[in-house]
2 protein chains.
Amino acid sequence: MATDRTRTAILNAAERLYAERGFSDVTLRDIVAEANVNLAAVNYHFGSKDELIAELFVTRSIATNRERLSELKAVEDAGGGRAPIESVMRALVGPTLRGCLGPDRQRSTAARFMIRASIEAVPPIRKIRNREISHLRRFAAAMRRSLPGCPDVDIYWGLHFALAMAHQTIRDSERLDKLSEGLCDLNDVDGIINRVVTASVLALTQRPSAATARAQRA
Amino acid sequence: MATDRTRTAILNAAERLYAERGFSDVTLRDIVAEANVNLAAVNYHFGSKDELIAELFVTRSIATNRERLSELKAVEDAGGGRAPIESVMRALVGPTLRGCLGPDRQRSTAARFMIRASIEAVPPIRKIRNREISHLRRFAAAMRRSLPGCPDVDIYWGLHFALAMAHQTIRDSERLDKLSEGLCDLNDVDGIINRVVTASVLALTQRPSAATARAQRA
DNA sequence: TTGCATTTCAAACAGTTGTATGAAACTATC
DNA sequence: GATAGTTTCATACAACTGTTTGAAATGCAA
């Protein structure tokens, strides 16, 4: 269908601009200029600006989740249904970090768009975001399998902290770069993933009580 | 001066609204309605909307930094110039977490405003934010004193991860609450601070390199 | 009180936003 | 090739944004 060319041109332009500048700074006129289509095309093909954003978010959300879950499934299958906790956490934070950091040509606008969506929480997205919760629950379940006996509350905090470190690294990479005067290499994506995974696993396996006891001994 | 009443009314209303709804969703008309002053008052007293935001940010930024540094100084003085790393990290994340979480009556709009400022990064703020870097360097220096021999790159990553966990907990407390179905108690501020501090210290002291060094000694 | 500076106010301004309209251009079917 | 349906386009619209204006009100010293 030749008519879909306009649709996809709008979607691509919108995703690129939103990923770069955020939702509040991008107007419909910016998008249609970038896509080389007429202003009215957005309302004709998507109904409204909000519906465009929503469609973009749903599409990319499904894709991202599929990527994470396929990586999770791979490591769990390899371990006969139970993966080491390192691998589970890597499946959780790896795809997004790889998509957002590293050399330019490897970055995906999709991943950076999703980070924007998680930051700005614009109304049309906020309504749909509840799906993510059920998606994260599947990771919580996998973590429980990897760490039998670990209290649920610690599982959730560990999951939360892992995402926190990954997202903040993407979001504020500039500050970290300035603060460390380039010492923290933000192009070394594998190194970053290792740091996030290691810190997450430590927080999960060295329970607070045990950790403080050890710290007091020292 | 009786004339300052309008100024402070505007500042308070703006801070409250920005903290609640974010910058992009609050207009000058919202602010003057909340402050019960005339629309032109903002431009008369502050020059422009951006200058209002900037003044707000500078004021609150100084206050927050002072609070953190006084807590840091207290623990360092108590230890003769060198505080345990737990105390340093606690001084870093404690004030903000206490100001943003916990029961309503204890929350400060100032702390929540600062979180908004760190999230949305609106132009008038982005220009000033570089000051924060030099402020964080003083914490990096304190961490170095607490952990002699710890490589600088690990200090910076530890500092970054600590702020990441604290900020994300504030920003996305709703998701964590839903995900854990209330299991993670977001009113237990001291418990949260302990978790963040513990996880940060673990990441700093049980680094992969440190672990191998310990193993090699053994 | 008089006179001057400061502060408030209603109204209007120019610019931008998302959306709607109706005619034109196109596409495919008969 | 005429026709019906789809898609594009320039243009207009109403709503909202931050800012400005000039007159009215207020405060305060002489």
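Order of the sequence lines sets the chain letters (A, B, ...), proteins ahead of strands, with each chain counted from 1.
The CG atom of Asp50(A) sits 10 Å away from the P atom of dG18(C) (whole-angstrom rounding). Taking atom CG of Asp4(A) as the reference point, atom P of dT6(D) lies 14 Å away to the nearest angstrom. For the pair Asp25(B) CG and dG18(D) P, the interatomic distance rounds to 12 Å; values are reported in whole Å. Whole-Å rounding puts the Lys49(B) NZ to dG18(D) P distance at 4 Å. For the pair Phe46(B) CZ and dG18(D) P, the computed distance is 15 Å after rounding to whole Å. Taking atom OH on Tyr44(A) and atom C1' on dT21(C), their separation rounds to 14 Å, with Å as the unit. Whole-Å rounding puts the Asn43(A) CG to dG18(C) P distance at 9 Å. What separates CD1 of Ile31(B) from P of dT17(D) is a distance of 11 Å, to the nearest Å.
Checked against a 6.0 Å centroid threshold, the rings of Phe57(B) and Phe23(B) do not count as neighbours.
Judged purely by atom type and a 3.5 angstrom limit, Arg60(A) has no side-chain atom pairing as donor or acceptor with the backbone of Ala110(A). Within the 3.5 Å criterion, the main-chain N or O of Val58(B) finds no donor-acceptor partner in the side chain of Ser61(B).
Each of Leu28(A) and Ala40(B) lies near DNA chain C, and the nucleotide nearest Ala40(B) is the one positioned closer to the 5' end. With the nearest nucleotide of DNA chain D identified for both Arg29(A) and Ala41(A), Ala41(A) has the one nearer the 5' end.
Within the 4.0 Å cut-off from OP1 or OP2 of dA10(D), at least one side-chain nitrogen or oxygen of Asn38(A) is found. One finds a side-chain N or O of Thr6(B) lying less than 4.0 angstrom from the OP1 or OP2 phosphate oxygen of dT8(C). Listed pair His45(B) / dT8(C) meets the phosphate criterion, a side-chain N or O lying under 4.0 Å from OP1 or OP2. Contact check, Thr27(A) against dT16(C): no side-chain N or O comes under 4.0 Å of OP1 or OP2.
Side-chain atoms of Ile53(B) and Tyr18(B), non-hydrogen and from C-beta on, do get closer than 4.5 Å to each other.
Remark: Glu20(B) does not engage Arg112(B) in a salt bridge, criterion side-chain N to carboxylate O under 4.0 Å.
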